[in-house]
**Student:** 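Sharing a structure below in structure tokens format, with a few things to ask.
Sequential numbering from 1 along the given sequence is applied to the chain's residues. Quick caveat, the model's predicted, so the values are computed rather than measured.
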Amino acid sequence: MNNTILLVTFLGLIASAGFISSNYVITRKWILILQGIGMAGVGSMFAVRAVTENIPSFWGVTAVNALFLVRNIWLYFREKHLGAKGVTDKERVTTTWVFMFIILTTYLAVTPIPSNWSMSFDVALFILPFVAAITNVLGVGQSKIIRLKWFILLSVSSWLAFDILVGAWQTLIGDTFSAIALIISLYRVKQNSILKP
């Protein structure tokens with residue numbers, strides 16, 4: 001196994017650990033931090049592959065993940081500075097739509113749009129990551145953790161469908177653990193809300 005394969009494997013494991021952990025935790029701070037680690041891992045992994053395998057399309061994946069990472073850093077420091085009570089609903093909605101526009105515009109710019117919309121396979125390859133991006137942006141834009149988790153579960157479900165469609169079995173394992181972590185965290189959030197006076 002050469003150094004590049006080892007590096008790609010290491011970055012993939014970092015990404016999986018970040019996403020699975022972020023889907024398990026139930027505090028906004030740790031969701032943003034751990035999801036950011038996952039996105040940094042995925043973006044770096046595809047950047048390495050773009051260079052070593054000479055596949056320019058992988059730079060698109062790197063760019064989209066970099067934007068998600070920037071969003072998470074921005075939200076983390078904004079909320080750390082203002083505190084959870086300091087972020088108004090208007091600010092939350094505005095930030096969500098700004099990042100929705102930036103991320104989806106970038107996705108559309110770097111992802112080939114299907115030339116034949118009657119080819120369901122090609123359409124699914126385009127639509128599933130698009131839906132995953134939308135639901136992630138909407139999820140992180142929620143004020144309540146329970147709603148955030150449900151949107152992220154929709155995002156992970158889109159990736160699961162994508163993995164099955166393209167036969168990405170290694171990624172399917174990580175996304176399956178992410179879905180399980182999300183289901184457990186939804187139970188934990190519900191239990192916490194029951195236990196609170």
Side-chain angles (χ1 to χ4, degrees), residues 1 4-50 58 60-73 75-76 99 103 107 111 121 124-142 144-194:
M1 194 178 280
T4 302
I5 293 171
L6 283 173
L7 180 58
V8 167
T9 302
F10 174 74
L11 291 170
L13 289 172
I14 294 281
S16 292
F19 288 129
I20 293 166
S21 301
S22 76
N23 291 332
Y24 178 75
V25 298
I26 57 174
T27 61
R28 189 170 177 79
K29 170 188 168 184
W30 283 107
I31 290 168
L32 291 172
I33 290 170
L34 293 168
Q35 193 183 75
I37 290 169
M39 290 164 180
V42 169
S44 301
M45 180 180 69
F46 276 98
V48 169
R49 291 188 65 192
F58 283 167
V61 180
T62 301
V64 171
N65 275 280
L67 290 172
F68 275 113
L69 179 59
V70 167
R71 178 208 57 185
N72 280 29
I73 292 169
L75 293 177
Y76 173 79
F99 278 105
I103 288 169
Y107 178 81
T111 306
F121 181 80
L125 288 182
F126 175 78
I127 293 290
L128 288 170
F130 190 77
V131 170
I134 289 171
T135 50
N136 182 288
V137 174
L138 289 174
V140 174
Q142 301 301 308
K144 295 188 183 301
I145 294 295
I146 190 84
R147 291 198 304 235
L148 182 154
K149 292 288 185 176
W150 278 109
F151 273 106
I152 299 299
L153 184 57
L154 290 172
S155 181
V156 171
S157 298
S158 298
W159 284 119
L160 282 168
F162 181 86
D163 295 339
I164 292 166
L165 188 69
V166 301
W169 306 118
Q170 294 93 340
T171 312
L172 179 64
I173 293 167
D175 288 336
T176 300
F177 280 113
S178 283
I180 292 167
L182 275 162
I183 292 164
I184 293 169
S185 72
L186 282 165
Y187 175 77
R188 292 173 64 219
V189 170
K190 186 176 177 184
Q191 287 301 107
N192 279 4
S193 65
I194 290 170

**Student:** Tell me, please, which residues at least two apart from S155 pass side chain to side chain donor-acceptor pair (under 3.5 Å).
**Tutor:**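 Testing S155 for side chain to side chain donor-acceptor pair (under 3.5 Å), a comparison that skips the adjacent residues, returns none.
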**Student:** Examine distances only and state if a side-chain atom of S22 and a backbone atom of F19 form a donor-acceptor pair shorter than 3.5 Å.
**Tutor:**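 Checking the backbone N and O of F19 against the side chain of S22, a donor-acceptor pair under 3.5 Å is found.
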**Student:** Could you tell me which non-hydrogen atom of A40 sits nearest to which non-hydrogen atom of L69, and how far apart they are?
**Tutor:**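 Answer, listing the atom of A40 first, then L69: CB-CD2, 4.0 Å.
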**Student:** Can you name the nearest heavy-atom pair linking L186 to W150, along with the distance?
**Tutor:**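 Answer, listing the atom of L186 first, then W150: CD2-NE1, 3.6 Å.
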**Student:** Not counting sequence neighbours, which residues clear side chain to side chain donor-acceptor pair (under 3.5 Å) with N136? List them please.
**Tutor:**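 Per chain and number, N136 pairs via side chain to side chain donor-acceptor pair (under 3.5 Å) with R71.
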**Student:** Using every non-hydrogen atom in the two residues, find where V131 and S158 come nearest and quote the distance to one decimal.
**Tutor:**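 For V131 and S158, the tightest heavy-atom pair comes out as CG1-OG, 3.4 Å.
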**Student:** Side chains of I152 and Q35: does their closest heavy-atom pair fall under 4.5 Å?
**Tutor:**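 Yes. Closest side-chain heavy atoms under 4.5 Å.
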**Student:** With rounding to the nearest 0.5 Å, note down the distance linking CG in N192 to OH in Y187.
**Tutor:**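 Going from CG on N192 over to OH on Y187, the span is 10.5 Å.
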**Student:** Does any N or O in the side chain of S44 come within less than 3.5 Å of the main-chain N or O of G41, such that one atom is a donor and the other an acceptor?
**Tutor:**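 No; judged by distance alone, with no hydrogens or angles, the pair does not exist.
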**Student:** Testing the basics here: between V137 and F99, what is the closest heavy-atom pair and its distance to 0.1 Å?
**Tutor:**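 That closest heavy-atom pairing would be CG1-C, 4.5 Å.
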**Student:** Check whether any side-chain heavy atom of V189 lies under 4.5 Å from a side-chain heavy atom of K144, and answer yes or no.
**Tutor:**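 In short, these two side chains do not touch, never coming nearer than 4.5 Å.
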**Student:** With side chains defined as the heavy atoms from C-beta onward, is the minimum distance between M45 and F10 less than 4.5 Å?
**Tutor:**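 Of all side-chain heavy-atom pairs linking F10 with M45, none is under 4.5 Å.
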**Student:** Just verifying a value: how many Å separate K29 NZ and L34 CG, rounded to the nearest 0.5 Å?
**Tutor:**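 Output value for this atom pair is 10.5 Å.
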**Student:** In Å and rounded to the nearest 0.5 Å, what is the CZ to CG distance from F151 to L154?
**Tutor:**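 The CZ atom of F151 sits 7.0 Å away from the CG atom of L154.
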**Student:** Which atom pair, heavy atoms only, marks the closest approach of L125 to P129?
**Tutor:**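 Of all heavy-atom pairs spanning L125 and P129, the closest is O-CD, 3.2 Å.
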**Student:** Can you confirm whether T111 sits close enough to V64 that some side-chain heavy atom of one is under 4.5 Å from a side-chain heavy atom of the other?
**Tutor:**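 No, every pair of side-chain atoms sits at 4.5 Å or beyond.
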**Student:** Return the CG to CG distance between L138 and L148, rounded to the nearest 0.5 Å.
**Tutor:**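 If I round to the nearest 0.5 Å, the distance is 10.5 Å.
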**Student:** Would you confirm whether the ring centroid of F162 sits within less than 6.0 angstrom of the ring centroid of F130?
**Tutor:**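 No, ring centres 6.0 Å or more apart.
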**Student:** Drop me the distance from I26's CD1 to I145's CD1, to the nearest 0.5 angstrom.
**Tutor:**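 Going from CD1 on I26 over to CD1 on I145, the span is 8.0 Å.
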**Student:** Answer whether the closest heavy-atom distance between the side chains of I173 and T176 falls below 4.5 Å.
**Tutor:**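 A side-chain contact under 4.5 Å is absent here.
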**Student:** Do L160 and L172 have side chains that get closer than 4.5 Å, going by heavy atoms?
**Tutor:**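 A side-chain contact exists here, since the closest heavy-atom pair is under 4.5 Å.
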**Student:** Please report the C-alpha distance between F177 and Y24 in whole Å, then the side-chain angles of each, then the deciding distance to 0.1 Å, and finally whether the ring-ring contact (aromatic ring centres under 6.0 Å, His included) criterion is met.
**Tutor:** CA-CA 10 Å; F177 280 113; Y24 178 75; over 10 Å; no
**Student:** Using side chain to side chain donor-acceptor pair (under 3.5 Å) as the criterion, list what pairs up with N23, not counting sequence neighbours.
**Tutor:**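 Only S178 meet the side chain to side chain donor-acceptor pair (under 3.5 Å) criterion with N23.
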**Student:** To the nearest 0.5 Å, what is the distance between CG on D163 and CG on D175?
**Tutor:**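 If I round to the nearest 0.5 Å, the distance is 4.5 Å.
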**Student:** Indicate the atoms forming the closest heavy-atom contact of V140 with R28, along with that distance.
**Tutor:**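 Closest approach of V140 to R28, heavy atoms only: O-NH2, 2.6 Å.
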